[in-house]
Amino acid sequence: MPETSKTSQVTGRPPAGGAAADPLDRFFHITARGSSFAREIRGGFATFFTMAYILVLNPIILGSAKDKFGHQLDGAELVTATALVAAVMTVIMGVGGNLPLALAAGLGLNAVVAFQIAPLMSWADAMGLVVLEGLLICVLVVTGLREAVMHAIPQPLKQAISVGIGLFIAFIGFVDAGFVTRIPDAANTTVPVQLGGTGALAGWPILVFCLGVLLTIGLLARKVKGAILISIVVMTVLAVVINAAADVKTWGLTTPKVPDDVVAAPDFGLLGDFSLFGSFAETGALTVILLLFTLILSDFFDTMGTVVGISAEAGLLDEDGKVPNLGRVLLIDGAAAVAGGAASASSSTSYIESAAGVGEGARTGFANLVTGGLFALALFLTPLLTIVPLQAAAPALVAVGFLMMTQVKHIDWDRYDIAIPAFLTIAVMPFTYSITNGIGAGFLAYVVIKAVLGKAREVHWLLWGASALFLVYFAIDPLEQLLGVK
């Protein structure tokens, strides 16, 4: 692929003139894009170390939740599933899409699966729903309907959804670490949550969390690459030391103890453990449709923004601002969601952290071979990755919440027809512990306000249809009573 003038401006390097002699160079267009094998390898390492935190966070998020029947997923199996899907799909993206764009289980998406979907059904049903989501995204890409879906949702609502998920994730981090706890109903108080377990912070685990938050935000403020991963590693080491030296009653799900073995064979027990249509029998068609809509919305638009952003940063957009191989890239991303569900690792998606690799010089899919290879290596480090306590990983959730919150600046708060739906979307998610509820509240508010203002024609018909579904969703109890269903 020839180097465009846009690429030259971004990379600061002149386009290469001669044809590449190396077959790998020619296949990935490394020289043509003004890169080199050294830059691609360096970029691949940078991307891995920037997003490797998912190997810790995904098992913790999914492993800390229970399905409808009280079952929890095994931590070691989750590490294997997370690493395997990330390794395979990152390599496929590199070879098939030729972009320095790595993939892994999506933060925010795994929260939807763990805390919104799993409590309504079995884990197998929940992961089957993720597979269906990925298949539907592939259909949207193949049929060209993705453009229609993209235009249906106003940009401010997309941004509000991201902000709301960020607050939700941060709240989960505070709760998982024990920094915020539920006040027992027996207390007869109108205050639902409190600081710590008794209204005050106490104990070594809480100290680890607080120090972790301070370390993470300090590293982020300094713009240190790999800030989240560094914080997780440092606080895990501190937790291991504290656990060995102090009398700690409990750390929660994971006790930070040095494992007997650092290397172990991967456990593929979760692979293929999904039920494609079991969710329909468990929760009903309407609920499944709304949950699928939530997953698709969260995955679809995040991917579009990430793909365009990474391509622009790498200087790979053409003169019309189009992403090279966009159809294949989006199809592979949809296939990653399918793979994530089939492996019980939650929906996998493209990672904005790939920008770290681009910053180190990566311009082609060859960098993905390096990143994917490192994820494959992580398959054998499960014992080391499963000693991370919630208190060491939860600060990363708070940090990710902040990063997602930054999109709030793009919302026009002076326009009530935009600001009110955006506010409800953002507020309802953490306050009801439900991403679906937040999206529904925002959609309904948007169409109602537009109708009241006489601007109903500005609302896309797909948004009207989705809002109608959400109206039924929120009013399901009185509707069932009215129809004599219960």
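Annotation: side chain to side chain donor-acceptor pair (under 3.5 Å) contacts of Y53 (sequence neighbours excluded): E353. Under the rule for a side chain to side chain donor-acceptor pair (under 3.5 Å), D267 has no partner lying at least two apart in sequence or in another chain.
The environment of F268 atom CZ is dense: over 12 non-hydrogen atoms of other residues, nucleotides or ligands sit within 6.0 angstrom. F37 CZ: more than 12 foreign heavy atoms inside a 6.0 Å radius. Atom CZ of F280 sits in a crowded spot, with more than 12 heavy atoms from other residues, nucleotides or ligands closer than 6.0 Å. More than 12 heavy atoms of other residues, nucleotides or ligands sit less than 6.0 Å from atom CZ of F293.
The minimum heavy-atom distance between T143 and V139, with the atom names listed, is OG1-O, 2.7 Å. In plain terms, the two heavy atoms of A427 and P430 that are nearest each other are O-CD, 3.3 Å. The minimum heavy-atom distance linking G43 with A362 is given by the pair CA-CB, 4.0 Å. When all heavy atoms are compared, the tightest approach of V85 to A343 is CG2-CB, 3.5 Å. Closest of all the heavy-atom pairs between T80 and L379 is O-CD2, 3.3 Å. The two atoms that bring G134 and V338 nearest to each other are C-CG2, 3.5 Å, heavy atoms only.
Formation of a donor-acceptor pair under 3.5 Å by the D333 side chain with backbone atoms of S350 is found in this model. Between the R363 side chain and the P100 main chain, no donor and acceptor come within less than 3.5 Å of each other. A donor-acceptor pair under 3.5 Å is formed between the side chain of N325 and the backbone N or O of G97. When atom types are taken as modelled, the side chain of T47 and the backbone of G44 share no donor-acceptor pair closer than 3.5 angstrom. Within the 3.5 Å criterion, the main-chain N or O of A367 finds a donor-acceptor partner in the side chain of T371. Without hydrogens or angle criteria, N58 side chain to A105 main chain gives no donor-acceptor distance under 3.5 Å. With T90 contributing its side chain and L103 its backbone, the two residues share a donor-acceptor pair below 3.5 Å. For S354 (side chain) and Y351 (main-chain N/O), a donor-acceptor pair under 3.5 Å exists by modelled atom type.
Under the salt bridge (Lys or Arg N to Asp or Glu O under 4.0 Å) criterion, the residue pairs touching residues 40-54 are R42-E360, with sequence neighbours excluded.
Within the model, atoms CZ of F470 and CD1 of I439 stand 5.5 Å from one another, a figure rounded to the nearest 0.5 Å. Here W464 contributes atom CH2 and K450 contributes atom NZ; the two are 11.0 Å apart, rounded to the nearest 0.5 Å. Rounding to the nearest 0.5 Å gives a distance of 11.0 Å between CG of L374 and CG of L369. Atoms CE and CZ, on M235 and F209 in that order, are 10.5 Å from each other to the nearest 0.5 Å. Remark: S36 OG to I30 CD1 distance equals 8.0 Å, nearest 0.5 Å. In this structure, CG in L109 is found 9.0 Å from CD1 in I117, a value given to the nearest 0.5 Å.
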task: Please test F375 against V91 for side chain to side chain contact (heavy atoms under 4.5 Å, CB included), starting from the C-alpha separation and ending with a verdict.
output: CA-CA 10 Å; F375 272 116; V91 170; over 6 Å; no
- prompt: Would Y446 and I420 satisfy side chain to side chain contact (heavy atoms under 4.5 Å, CB included), going step by step from the backbone distance to the final call?
  reply: CA-CA 8 Å; Y446 181 78; I420 293 176; over 6 Å; no
- request: Begin from the C-alpha positions of L291 and M121 and carry the test side chain to side chain contact (heavy atoms under 4.5 Å, CB included) through to its verdict.
  value: CA-CA 12 Å; L291 291 173; M121 58 192 74; 4.0 Å; yes
Trace of the side chain to side chain contact (heavy atoms under 4.5 Å, CB included) decision for L220 with V224: CA-CA 6 Å; L220 285 175; V224 175; over 6 Å; no
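Within the 4.5 Å cutoff, side-chain heavy atoms of L316 are placed close to those of R33. The closest side-chain heavy-atom distance from L271 to S344 is not below 4.5 Å. For the pair F168/F431, no side-chain contact is recorded, criterion being any heavy-atom separation below 4.5 Å from C-beta on. P156 has its side chain out of reach of D412: every pair of non-hydrogen atoms, C-beta onward, lies at least 4.5 Å apart. With a 4.5 Å cut-off on side-chain heavy atoms, L129 and E133 do not count as touching. No side-chain heavy atom of P383 sits under 4.5 Å from any side-chain heavy atom of V262. Side-chain contact between M89 and T349 is absent, with no heavy-atom pair separated by less than 4.5 Å. At a threshold of 4.5 Å between non-hydrogen side-chain atoms, the residues I411 and W413 count as touching.
For the side-chain contact (heavy atoms from CB on, under 4.5 Å) with L292, the lone residue among T287, L132, V130 that qualifies is L132. With V234 as reference, L215 is the one residue of L215, L211, L219 to meet the side-chain contact (heavy atoms from CB on, under 4.5 Å) rule.
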